[in-house]
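Just so it is clear: chains get the letters A, B, ... in the order the sequence lines come, proteins before strands, and each one is counted from 1. Nothing here was measured: the structure is a model prediction, and the numbers come from that model.
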Amino acid sequence: MIMFAKIGLGVVGAVALTGAYTFREGVMRVDVDEYRGGGDHVHMWMPAAAIPMVMQFVPDRYLQKAGHDAREWMPVARVAAHELGKLPDSTLLEVKDGEQHVLISTVNGAIRIDVTDPQETVHVVCPLATIEDVTDEIANIRSGA
Amino acid sequence: MIRMPKLFNRFNHTSLVLAAALLVSPLAGYAQTASHSDRWLHVRVISSDAKGETVCVNVPLELAEKILPTINKNQLHGGKVTIDKFDANGVDFRALLDAVRSSKDGEFVTVNGKDGEDVRVAKQGGFLLVHVTDGSGHIGHHHMNKDGDDKKDESANKESGKPNVSHVEVKIPLSVVDAMFSAGKDEIDLVAGLRMLSTQGDTELVSVKDEENTVRVWVDSKNTNGPDGGTR
């Protein structure tokens, strides 16, 4: 009985550890709602910690191509993610035009993009550490490391 | 078999301690960043049209300093803009800058136009000040015509029947201008300019007001661009 209890405690500890790691890394979230007839509704939540892991399964040639296509902007994205991660929660850009509203901000170590329009709304949240990890990963693959 | 429970026990403790540490670590990171006293460049554009369009941009100068050198596109390389043909109508801009720097405070250029165009360029307290008032109604609508010349569109003001008065104020620390022109010939060092700008106090750099738009560009230590976020 004690054995089972300890195994159970071990499992709970492992789950807590995984949960804490996921919480720390944050969640990548994409919500797109188109309000026209037959419009798309995309709602995706993914633990940010899973993204670098998933990238391990992507064939190198695709990552090399992505790295090549975005080679000019990869260092920019990496540095921007690193530096933005140092900031307190801040609004970087806000545009209001009638019923249209665009907001780019940093919240809890993530970049947040909110676009509100009568035709559609888009909300994207991506942890900055994930952007840094992904750009590092792509850069490593490009350099053959 | 006897050691297994001890191993589990150790794993339990380790995992719970690690979980607690991971939970707390973002808060520790936030505590560090919250006290960060960066300098921020703010841009605010408020349009007085029916929609009331507003644009607010807040950029930490340090972020811009770090990002600019990573951009290598067109004329921008390593945080410096290369100017192939700096057309200053024969004026040696660097010599002019040296002359302004070494001169005493005062007003260098004053133009009072017949159509209500007033231009004033002055040096005061280490700042280069440019003040332009355009009451001729010729403001704001610059278009390239089919011959490629910059042409002002006066039709909007003719239609409305009232003159569109524009006020432009530019206040640039001379040290920032110096830093920007400290690079080689035909180069403007944006990073050096930003670095110098970050050492300045709260400063309103550009202010443009006309019938349609209000534009402000300023630097302070706040990360907000609200009504209370400006220097005035």
Side-chain angles (χ1 to χ4, degrees), chain A residues 2-26 49 71-110 127-129 135, chain B residues 1 4-27 29-36 38 40 43-47 49-60 62-73 222-226 229:
Chain A
I2 293 171
M3 181 75 169
F4 282 120
K6 289 189 172 179
I7 290 172
L9 198 60
V11 171
V12 168
V15 169
L17 183 63
T18 309
Y21 181 67
T22 305
F23 169 79
R24 183 179 174 273
E25 292 294 301
R71 64 189 179 283
E72 279 181 332
W73 300 107
M74 292 299 280
V76 181
R78 194 188 178 288
V79 171
H82 183 74
E83 292 300 317
L84 287 171
K86 296 178 184 173
L87 299 177
D89 293 356
S90 308
T91 298
L92 301 173
L93 171 72
E94 184 169 24
V95 180
K96 289 179 188 169
D97 187 7
E99 294 177 327
Q100 295 175 323
H101 187 207
V102 177
L103 182 68
I104 300 177
S105 56
T106 56
V107 182
N108 295 329
L128 291 159
T135 51
Chain B
M1 286 298 286
M4 282 295 279
K6 282 185 181 175
L7 191 68
F8 271 112
N9 224 359
R10 196 174 296 164
F11 175 69
N12 293 341
H13 287 129
T14 309
S15 60
L16 287 171
V17 167
L18 271 170
L22 280 164
L23 279 164
V24 170
S25 60
L27 301 175
Y30 182 75
Q32 284 173 351
T33 53
S35 62
H36 209 256
D38 269 335
W40 289 71
V43 180
R44 184 159 69 205
V45 181
I46 300 174
S47 176
D49 64 9
K51 284 184 172 179
E53 185 180 353
T54 60
V55 178
C56 298
V57 181
N58 306 303
V59 182
E62 195 182 346
L63 173 75
E65 273 178 44
K66 296 275 175 59
I67 286 181
L68 277 171
T70 65
I71 302 172
N72 292 301
K73 186 89 176 169
K222 296 171 186 167
N223 67 340
T224 57
N225 193 326

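Note that OG1 of B:Thr54 and NE2 of A:His101 are 7.5 Å apart. Values are rounded to the nearest 0.5 Å.
Options B:Val43, B:Val45, B:Ile71 differ in how many heavy-atom pairs under 4.5 Å they form with chain A, and the most are formed by B:Ile71. Ranked by heavy-atom pairs shorter than 4.5 Å toward chain B, the options A:Val79, A:Leu92, A:Val102, A:Val95 are led by A:Leu92.
Between A:Ser90 and B:Asn58 the shortest side-chain heavy-atom distance does not fall below 4.5 Å. Looking at B:Cys56 and A:Thr91, their side chains never come closer than 4.5 Å, going by heavy atoms from C-beta outward.
Using a distance-only test at 3.5 Å, with no hydrogens or angles considered, no donor-acceptor pair links the side chain of A:Asp97 to the main chain of B:Lys51.
A:Ile2 does not touch chain B: none of its heavy atoms, backbone or side chain, sits under 4.5 Å away. The contact between B:Val55 and chain A is made by backbone and side chain atoms together, counting heavy-atom distances below 4.5 Å.
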